[in-house]
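Report on the following structure.
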Amino acid sequence: MPAYVIAHLLDAAPHPEIAEYIERLPGTFAPYGGRYLVHMTQHEVKEGSWPGNVVMIGFPGITEARAWWDSPAYRAIAPLRSRHIAGDIIMVEGVPDGYAPAAAVRAIRESLAESPQAEESIPTAR
């Protein structure tokens, strides 16, 4: 199953180290089958707020994504970004082709059956 590294990066002032990071980054994920899926594109916020930028890199699987993140090549350049851009980065495994959410629905319904108060504890959007 594919895996994704998704970064929500806050806006930052231009800096030479950021330019160097962007130049060197593709060379670090290419050996692991990684490729840009989203980079330097506008996003459209539909709910909530999402300041900054989105970067998404796809990998053949979670093993490759983890190997890239832990690789000496990526660890060497990561500070070029982290010294200048704040944000959140997650790694997530995708779903298989033909995925259906039936198991997720079943788990929710079972949880509700076990705890009728669970429905009341879910926060609502304001």
Side-chain angles (χ1 to χ4, degrees):
M1 283 184 284
Y4 308 97
V5 174
I6 304 167
H8 175 210
L9 302 174
L10 301 179
D11 290 327
H15 192 280
E17 286 191 342
I18 296 171
E20 181 181 349
Y21 174 81
I22 293 170
E23 288 171 338
R24 293 173 59 186
L25 184 61
T28 67
F29 58 66
Y32 302 94
R35 65 183 185 90
Y36 279 118
L37 299 174
V38 176
H39 188 252
M40 300 295 290
T41 58
Q42 293 292 334
H43 61 274
E44 189 173 326
V45 178
K46 295 297 188 182
E47 290 187 25
S49 65
W50 194 291
N53 299 287
V54 178
V55 176
M56 189 168 162
I57 304 168
F59 290 89
I62 197 75
T63 301
E64 293 86 352
R66 288 180 180 139
W68 163 73
W69 182 263
D70 295 332
S71 71
Y74 181 67
R75 296 286 62 175
I77 69 166
L80 298 174
R81 174 196 42 79
S82 63
R83 282 194 287 261
H84 306 285
I85 303 175
D88 299 304
I89 300 174
I90 64 167
M91 188 177 296
V92 61
E93 192 168 23
V95 297
D97 288 341
Y99 171 80
V105 172
R106 188 169 41 256
I108 292 169
R109 293 195 188 286
E110 288 171 1
S111 176
L112 290 171
E114 294 169 7
S115 174
Q117 298 81 16
E119 206 171 328
E120 297 170 15
S121 67
I122 299 171
T124 58
R126 297 191 192 276

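Both Met91 and Phe59 are assigned to one and the same hydrophobic cluster, defined by single-linkage of ILVMFWY side chains at heavy-atom distances under 4.5 Å. Under a hydrophobic clustering in which Ile, Leu, Val, Met, Phe, Trp and Tyr are joined whenever their side-chain heavy atoms come within less than 4.5 Å, directly or via other members, Val5 and Ile22 fall into the same cluster. In the hydrophobic cluster analysis, where Ile, Leu, Val, Met, Phe, Trp and Tyr join through side-chain heavy atoms closer than 4.5 angstrom, Val54 is grouped together with Leu37. In the hydrophobic clustering of ILVMFWY residues, with side-chain heavy atoms under 4.5 Å counting as a link, Val38 and Ile90 come out together. Note: the hydrophobic cluster containing Leu9 also contains Trp69 (ILVMFWY, side chain heavy atoms under 4.5 Å, direct or indirect links).
Scanning all heavy atoms of the two residues, the minimum distance from Glu23 to Pro26 falls at O-CD, 3.7 Å. Taking each heavy atom of Thr28 and Pro31 in turn, the nearest pair found is O-CD, 3.5 Å. Between His84 and Ala12, the shortest heavy-atom contact is O-CB, 3.3 Å. When every heavy atom of Val95 is checked against every heavy atom of Met1, the shortest pair comes out as C-SD, 3.8 Å. For the pair Tyr32 and Pro60, the tightest heavy-atom approach, listed with the atom from each and the gap, is O-CD, 3.4 Å. Here the closest non-hydrogen pair linking Ala76 and Pro79 is O-CD, 3.8 Å.
Between Trp68 and Tyr74, the ring planes lie tilted relative to each other; the angle falls in the 30° to 60° range. Between Phe29 and Tyr36, the two ring planes are perpendicular [angle over 60°; tilted spans 30° to 60°].
Counting heavy atoms from C-beta outward, Tyr21 and Ile85 have side chains that stay 4.5 Å or more apart. Between Leu25 and His39, every side-chain heavy-atom pair lies at or beyond the 4.5 Å cut-off. At a threshold of 4.5 Å between non-hydrogen side-chain atoms, the residues Arg24 and Leu80 count as touching.
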Evaluation steps, side-chain contact (heavy atoms from CB on, under 4.5 Å), between Asn53 and Met40: CA-CA 7 Å; Asn53 299 287; Met40 300 295 290; 6.0 Å; no

Ile89/Arg81 under side-chain contact (heavy atoms from CB on, under 4.5 Å): CA gap, chis, key distance, verdict: CA-CA 12 Å; Ile89 300 174; Arg81 174 196 42 79; 3.7 Å; yes

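In Asp97, the CG atom is not crowded: 12 or fewer heavy atoms of neighbouring residues, nucleotides or ligands sit closer than 6.0 Å.
Judged by distance alone, the side chain of Glu114 and the main-chain N or O of Ser111 form no donor-acceptor pair under 3.5 Å. Side-chain N or O atoms of His15 include none that pairs as donor or acceptor with a backbone N or O of Arg83 at under 3.5 Å.
Interatomic distance, Ile77 CD1 to Glu17 CD, rounded to the nearest 0.5 Å: 11.5 Å. Interatomic distance, Glu64 CD to Ser71 OG, rounded to the nearest 0.5 Å: 13.0 Å.
Hydrophobic cluster membership for Leu10: none, as no Ile, Leu, Val, Met, Phe, Trp or Tyr side chain comes under 4.5 Å of it.
The side chain to side chain donor-acceptor pair (under 3.5 Å) test applied to Tyr4 returns no partner, not counting sequence neighbours.
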